[in-house]
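Reading through the structure tokens given below for one structure.
Order of appearance sets the numbers: ligands from 1, and atoms from 1 within every ligand. Just the heavy atoms: all of them, side chains too, but no hydrogens, waters or symmetry mates, feed the values below.
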Amino acid sequence: MSEAAPQFDAAGFRKALGSFATGVTIITSRDGAGAPVGLTVNSFNSVSLSPPLVLWSLAETSNSLSIFRAATHWAVHVLATDQEALSGRFARRGEDKFAGVEVEAGVGDVPLLRGCSARFQCRTAFQYQGGDHVIFVGEVLAFDRAETAPLVFHAGRYAHATRREASDSAPRNAWLEGSFNEGFLGYLLGRGHLQFFARVRPLLAEEKLSDEEFYLLSTLTLKQRLENDEIEKGLQGISDESRGAALDALHSRGLVQVDATGACQLTPTGSACALRLISAAKAVESQIIDQLGAGEAAALKSLLNRLIHVLDPKVEALWSE
Ligand SMILES: Cc1cc2nc3c(=O)[nH]c(=O)nc-3n(C[C@H](O)[C@H](O)[C@H](O)COP(=O)(O)O)c2cc1C
């Protein structure tokens, strides 16, 4: 190592390191008095297969430094995509990180968290000083894994891991150069919507509802009572022309009641019908998610939400109220 540290721009250096996408882990152990300790760590890495070794590094400023230095055992939890809140909690100082968190006892009585993509139970093998961090190398004594998508950290933010398909980078040749093809966003969205709704439509037919009536009915489940302009906002660009007719149809069937100001709410019959449709549509969704994989589905939802917001920033306001 050179004697004088190179004069880096610290923020730029951090940013460049952040280009390296990682998973997110929580490392746990117990202090001398037996209290559980843990923190969020993305410096985890594999070292050796035989013997099985892994490493991670801990900032010297960490409250848990002396505890991990003295610990004979610790566990690495590779977080699943739905454990972002847990990651946030274990990255905050001074917080009672384990409050309300269910743990199991691992090797050396190390607290083990549940619902992770993988867990490695380790015995401390080596410790090295590495600048302002201490590097811990552990021998893996036991591990387990689940088929859950991992949480990802990239450029200082949480991200999704999605598998790439060969077709992502090589769309099929179109007959006419520059014509619409499978890489065209409009085609993908339209085709996806039509195919999804082809599975939901038989349920609507059973309830004798048109697509527009279903959109309106499901919009009305967002809040106890929706003002006319809220309905307009929620369905803008979806069923502008046919909304009035859809509302009349739902009203005449006793599914929706409309007051003098034009505000709407579901009647008990309307709520029951909406609940039947929502649970049936959710069953269709879960079949699709089973085929797609939970991680891919979470990534798709997050991207579609962003797309909807880009196309119409007002939509989110209605859903978040
Ligand atoms: C995604 C992410 C990755 C992190 N990786 C590390 C790491 O590798 N090493 C480290 O010392 N701190 C890391 N931290 C910061 C610690 O989690 C944070 O400083 C924590 O409060 C330390 O807890 P303690 O002081 O109670 O030990 C990370 C935080 C986040 C959000």
Short N-O contact, R145 and E147, less than 4.0 angstrom: yes

Any N or O of A59 closer than 3.5 Å to N or O of ligand 1: yes

Ligand 1 N/O within reach of N42 N/O, cut-off under 3.5 Å: yes

Identity of the nearest option to atom 9 (N) of ligand 1, non-hydrogen atoms only, from G88, G18, S64, S57: S57

Proximal candidate to atom 23 (O) of ligand 1 [heavy atom criterion; set R92, K97, R89, E60]: K97

Ligand 1 N/O within reach of S62 N/O, cut-off under 3.5 Å: yes

Counterpart residues, side-chain hydrogen bond (donor to acceptor under 3.5 Å, both in side chains), relative to Y158 (two or more places apart): S87

Protein contact of atom 15 (C) of ligand 1 - nearest heavy atom, named by residue and atom, plus distance: T40 O, 3.9 Å

Sequence neighbours excluded, every pair satisfying side-chain hydrogen bond (donor to acceptor under 3.5 Å, both in side chains) that has a member inside residues 9-19: none

Heavy-atom nearest neighbour in the protein, as seen from atom 20 (C) of ligand 1, with distance rounded to 0.1 Å: A91 O, 3.5 Å

Between F44 and F136, ring centroids under 6.0 Å: no

Closest protein heavy atom to atom 22 (C) of ligand 1, given as residue, atom name and distance to 0.1 Å: L39 CD1, 3.6 Å

Protein contact of atom 8 (O) of ligand 1 - nearest heavy atom, named by residue and atom, plus distance: S43 OG, 2.6 Å

Top protein contact for atom 25 (O) of ligand 1, by heavy-atom distance: N63 N, 2.9 Å

E104 and R119 ion-paired at < 4.0 Å: yes

Verdict with reasoning, S117 to T148, per side chain to side chain donor-acceptor pair (under 3.5 Å): CA-CA 5 Å; S117 290; T148 49; 3.1 Å; yes

Flag, side chain of T28 to backbone of P111, donor-acceptor distance under 3.5 Å: yes

Ligand-side contact atoms (ligand 1) for residue partner F153, heavy atom cut-off under 4.0 Å: 1 (C)

pair L247-V256: side-chain heavy atoms closer than 4.5 Å: yes

Contact atoms of ligand 1, heavy-atom distance to L58 under 4.0 Å: 11 (O)

